[in-house]
There are 2 protein chains.
Amino acid sequence: MATRTRRTERREEPLSRERIVEAAIELLDTAGEGGLTFRALSERLATGPGAIYWHVANKGELLGAATDAVVAAALTVDPAGAPPSPRDGIRLVALGLFEASEAHPWLATQLAAQLSRSPARTVAPRLFESIGRRVSDLGVPREDWFTAASALMHYILGAAGQNAANIAATRSLGPGEDRAGFLDAVSRAWEALDPDDYPFTRAVARQAREHDDRAQFLDGLGLVLDGVTAAAARPQA
Amino acid sequence: MATRTRRTERREEPLSRERIVEAAIELLDTAGEGGLTFRALSERLATGPGAIYWHVANKGELLGAATDAVVAAALTVDPAGAPPSPRDGIRLVALGLFEASEAHPWLATQLAAQLSRSPARTVAPRLFESIGRRVSDLGVPREDWFTAASALMHYILGAAGQNAANIAATRSLGPGEDRAGFLDAVSRAWEALDPDDYPFTRAVARQAREHDDRAQFLDGLGLVLDGVTAAAARPQA
DNA sequence: ACCTGAACACCGTTCAAGT
DNA sequence: ACCTGAACACCGTTCAAGT
């Protein structure tokens, strides 16, 4: 986000956990999950591999810190303007996460792992809190809070994860390939499926080609929100 | 599923892609994603690492084959009895996948990656077809098919992925730890959160402790299905 | 056709030694 | 307190050589 010009070296300021995490995120974004290496990282930071271990316990902790940093940034887009309705608030948080995991295709997988760590003081549970608070504002009965918030989280993480996998697959086709080309290829493959075995997938191939990722994510979120609020309106289970 | 007694060796019958995939699944299940190693695998099959490469191109292909085999098994539980309603059918398929990813915690992550491969002749798209066909049976208008089926897939994969992460986290606490102990720890951690910052998560801590994974998965699926069918009943967007 | 096993390049992590 | 860089054990993958 900040303006930077360096490429590989950046001497002067000493190593710090912050700089390491920042470099790790860049590496993850440009080279993928397999590209984050203590050697590549130390080269980028102009030091040796061992130096990093003074600031960070191991690779797992580094991935956790990178995930936290990115999610924290994604959750801080909001504040200005009038507070949105609960529904719009959820939409905003969800879209923020979706876009973050578009820019950082490794995010969704890491987040899923992160959410289940018991020491809940990382950023991941803040996401759950952020969704959940608006679920309660939506008028969902208290005994359904956990289920409703969980369902929304699952949808969001599932969609973000799928989108990230698509992006990774697009990239793996070669540097020249773009999203439209990838969708076109998928759509064509679907149209070539056996009509007896895959009638639905074939029927939907055209929609797959023409759909807009973000819009479709929000449409799907709308369906889940409809289900959640329908349950809120109903008297009792 | 079949009865077996061997531990590490099983000479006699020659190496085959099938036996390799079977051993890979066992390794994945017992030792986790990091436990699948060409060396561990070849030891288990009483051969050298190189032998495996005659039957399988590389590790990615091996993971893909393992995923396919497990999903195929999960999708074949159904046939007997009267054909269920579309809604029950989706529930059945979803629960099959949820349970499969409970037995194979590595499944959800792999499946997400698998679904975006363009050569769509693997088992993964069959899952999409299986869900989608019942979505159309549900009376969802044609132009919403893709969105509705995608939303269901995202929820299912997100929930399965989260569940798998929880299982992995439980195991990592030590071999003696069980699900109840893990939930208890998470719940306790949530209750210890700051009341100002985490009112919702705290309020929901007790439900988190007492919930049943499978039941909550189906409840959440019910919410999404409600949203999907509500859209079906509505006239036009 | 199928398997062996040494070898290559690379990985995460450690640690004595430096400043 | 912080960093260096060689070293260890391990990984995926290749390939000449065997049967």
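The basis for the numbers below is simple: all heavy atoms, side chains too, and nothing from hydrogens, waters or symmetry mates. Within every chain, numbering begins at 1; the chains are lettered A, B, ... in the order of the sequence lines, protein sequences first and strands thereafter. It should be emphasised that the depicted structure is a prediction, and the values quoted were computed from it without experimental measurement.
Within 4.0 Å (heavy atoms only), A:Leu36 reaches sugar-phosphate atoms of the nucleic acid but no base atom. Residue contacts shown for B:Ile52 are absent, as no nucleic acid heavy atom lies under 4.0 Å away.
When the nucleotides C:dT13, D:dT13, C:dC3 are ranked by their closest atom to the side chain of B:Trp54, C:dC3 comes out on top.
In this structure, the CD atom of B:Glu61 is 15 Å from the P atom of D:dG12, given to the nearest Å. Atom NZ in B:Lys59 sits about 15 Å away from atom P in C:dC11, given to the nearest Å. In this structure, CG of A:Leu63 is placed 10 Å from P of C:dG12, rounded to the nearest angstrom.
Considering A:Arg209, A:Arg206, A:Arg202 in turn, A:Arg209 is the only one that fulfils the side chain to side chain donor-acceptor pair (under 3.5 Å) rule with A:Glu191.
Remark: B:Glu61 pairs with B:Arg17 by the salt bridge (charged side-chain N to carboxylate O under 4.0 Å, His left out) rule, at least two apart or across chains.
Ring pair B:Phe128/A:Trp190: centre-to-centre distance below 6.0 Å.
Taking only side-chain nitrogens and oxygens, A:His55 never comes nearer than 4.0 Å to OP1 or OP2 of D:dA1. A close approach under 4.0 Å does occur between a side-chain nitrogen or oxygen of A:Thr37 and OP1 or OP2 of C:dC11.
Base pairing in DNA chain D yields stems of at least 3 consecutive Watson-Crick or G-U pairs, both distances under 3.5 Å, namely C:4-8 with D:12-16, C:12-16 with D:4-8.
Residue-to-nucleotide proximity on DNA chain C shows that, of B:Ser16 and B:Arg39, the 5′-proximal contact is made by B:Ser16.
Closest approach of A:Ala215 and A:Asp212 over heavy atoms only: N-OD2, 2.8 Å. Between B:Thr67 and B:Gln110, the shortest heavy-atom contact is OG1-CB, 3.2 Å.
Classification of A:Arg39 and A:Glu43 as a salt-bridged pair fails, no side-chain N sitting under 4.0 Å from a carboxylate O.
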Review item, nucleotides 15-19 of chain D N/O atoms under 3.5 Å of protein N/O:
none

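The aromatic rings of B:Tyr53 and B:Phe38 sit parallel, their planes meeting at an angle under 30°, below the 60° perpendicular limit.
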